[in-house]
J.: 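Take a look at this one; I'll ask things after.
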Number of protein chains: 2
Amino acid sequence: MSAMAASAQTPAEPKVGLRERKKIKTRTAIREATYRLIMEQGYDATTVEQIAESAEVSPSTVFRYFPTKEDIVLTDEFDPILERELRSRPADESLIDSLRHVIDDSLHLALESDDPEVSRLRTRLQVEVPAVRSRMMESMSVTGDLMCRVIADRTGRDAGDLEVRVYAMALVGAMMEATMYWAQHDHEGELRDLVMRALDTVQHGL
Amino acid sequence: MSAMAASAQTPAEPKVGLRERKKIKTRTAIREATYRLIMEQGYDATTVEQIAESAEVSPSTVFRYFPTKEDIVLTDEFDPILERELRSRPADESLIDSLRHVIDDSLHLALESDDPEVSRLRTRLQVEVPAVRSRMMESMSVTGDLMCRVIADRTGRDAGDLEVRVYAMALVGAMMEATMYWAQHDHEGELRDLVMRALDTVQHGL
DNA sequence: TAGGAAATGAGAGTTACTCTCATTTCATGG
DNA sequence: CCATGAAATGAGAGTAACTCTCATTTCCTA
């Protein structure tokens, strides 16, 4: 989930032809160009045209790889990891405990898979740039859906139940708030600890 | 909070000169034109130019009144009501109980202040149109800030505390989920009841 | 190595939004 | 009641993020 400053690395190997390798290269080239330009000039001042030029592709191609400019910064692939890890936990464990374990085990995957500076840039943009923030919140609802499915499978409830959705939203929202808090406080301390505190709050209230 | 399909009526009386009255008129003219066109053609097919023409103003004026197209649909003034009502509750009441009372007392204000069809259209757009949804989520964080301030005043904690923010986000998110659930289920039943169930979930978990 | 599919590039078009400047419309003090 | 200033509007040009289409290149595979 992008809400967690997750990795921006590219998916995995469907078929390792030249074609696929090139696509991955292009993808990361675009992303790296974007990060570089944004660090130099800021988000708004960086146009897709510049990104394209710097990544040595055409603007058309940029939009083929990423539906929107915000997505270049935000797209992450932590959701599948999250889902896999959650499902690998014992089914009788409470979801929130599972989450704690997964965060404990896998958060570093998300954070370390690319330059730490990039993680920090991304979380900062999530806080500072409205367009990025709203896109992130969009993606929050995707992660929320994921969470709903996990809950549904575990409890036998319907994934569309209001209660299920509210609970999922609370969990995902908590993780997102922890991430934003981290960014707002100059990334001091461990994100993991903040997430734990956030989850505690969901569980026990204030 | 727009998350609750709140009223789209215009603020209040700063100075009732001709000028102010005209401004209010223009504002609602734009909004009504927008609703009309969207009902006829859908959101995406409706351009700001059409809205301007239909409201008999220039496109420039539309943007003077609303920063973005989504805002024409979303802007609401329930936040101040919410804050006022929350603060009028006894300070030793738990926030969630206060919220229950306020919803009970004031939700109808938000829903009935305009054509019920408009309320329904608005909530539907929040679910269906990505741009509107993300704008709504943006406004969710504004309402969240409001909630943080209320919590801070009541408990003496800092409004920026992670725990406070997480809790506020859970409450606001719960109300929003209730609203979306309502829209997704063709506005059957009472929104109020859904909100109550959502708040219960925040309080007691699943 | 030829044929087909996938990826790319080029370019035109749409639309939301911004800025500037001239014009109109209202408020108000003399 | 009108003149002066301020606020609101309109007109128009400009930007940039997308979208679509079509021709071309690049790779895969039989």
Side-chain angles (χ1 to χ4, degrees), chain A residues 10-11 13-31 33-34 37-38 41-75 125 129-136 138, chain B residues 10-11 13-31 33-34 37-38 41-75 125 129-136 138:
Chain A
T10 333
E13 13 47 85
K15 270 213 173 93
V16 265
L18 212 189
R19 209 156 238 172
E20 308 303 322
R21 260 175 297 146
K22 261 202 154 180
K23 269 167 77 172
I24 293 181
K25 262 195 179 165
T26 308
R27 205 180 165 81
T28 64
I30 293 172
R31 251 200 291 239
T34 306
L37 288 168
I38 290 182
Q41 323 176 335
Y43 183 86
D44 288 329
T46 301
T47 77
V48 173
E49 208 165 346
Q50 291 174 342
I51 292 171
E53 192 183 353
S54 169
E56 296 183 292
V57 294
S58 75
S60 319
T61 299
V62 173
F63 286 114
R64 274 199 197 88
Y65 279 83
F66 301 94
T68 71
K69 184 178 158 190
E70 301 95 62
D71 279 290
I72 307 179
V73 170
L74 268 185
T75 313
L125 292 175
V129 180
V132 175
R133 187 173 45 228
S134 34
R135 194 64 193 67
M136 169 189 61
E138 269 292 293
Chain B
T10 332
E13 12 48 83
K15 273 212 171 89
V16 265
L18 211 189
R19 208 154 239 175
E20 309 302 322
R21 260 176 296 147
K22 262 202 153 179
K23 269 168 74 173
I24 293 180
K25 260 194 180 165
T26 309
R27 204 179 166 82
T28 64
I30 293 172
R31 250 200 292 241
T34 305
L37 288 169
I38 289 182
Q41 321 175 335
Y43 183 86
D44 288 329
T46 301
T47 76
V48 173
E49 208 165 348
Q50 291 174 342
I51 293 172
E53 191 183 356
S54 169
E56 296 183 294
V57 294
S58 75
S60 320
T61 299
V62 173
F63 286 112
R64 275 200 195 88
Y65 279 83
F66 301 94
T68 71
K69 185 178 157 190
E70 300 95 63
D71 278 291
I72 307 178
V73 170
L74 267 184
T75 314
L125 293 175
V129 180
V132 175
R133 187 173 45 226
S134 34
R135 193 66 194 67
M136 169 190 61
E138 267 293 293

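Naming convention: chains lettered A, B, ... in sequence-line order (proteins, then strands); numbering from 1 in each chain.
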J.: Using atom types as modelled and distance alone, determine if a side-chain donor or acceptor of B:S54 lies under 3.5 Å from a backbone N or O of B:I51.
T.: no

J.: Indicate for each nucleotide in nucleotides 2-18 of chain D, in 5' to 3' sequence, whether protein heavy atoms under 4.0 Å reach the base (B), only the sugar-phosphate (S), or nothing (-).
T.: ----BBSBBBB----SB

J.: Between A:R31 and A:Y65, does a side-chain contact (heavy atoms from CB on, under 4.5 Å) hold up when you go through it step by step?
T.: CA-CA 10 Å; A:R31 251 200 291 239; A:Y65 279 83; over 6 Å; no

J.: In whole angstrom, give the distance that lies between atom CG of B:L18 and atom P of C:dA27.
T.: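 Interatomic distance, CG of B:L18 to P of C:dA27: 5 Å.
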
J.: Would you mind listing every salt bridge (Lys or Arg N to Asp or Glu O under 4.0 Å) that reaches into residues 44-63 of chain B, with sequence neighbours excluded?
T.: none

J.: Do you know the tightest heavy-atom contact between A:A55 and A:I30?
T.: CB-CA, 3.8 Å

J.: Would you say the side-chain atoms of A:S134 pair up with the backbone N or O of A:A131, donor to acceptor, closer than 3.5 Å?
T.: yes

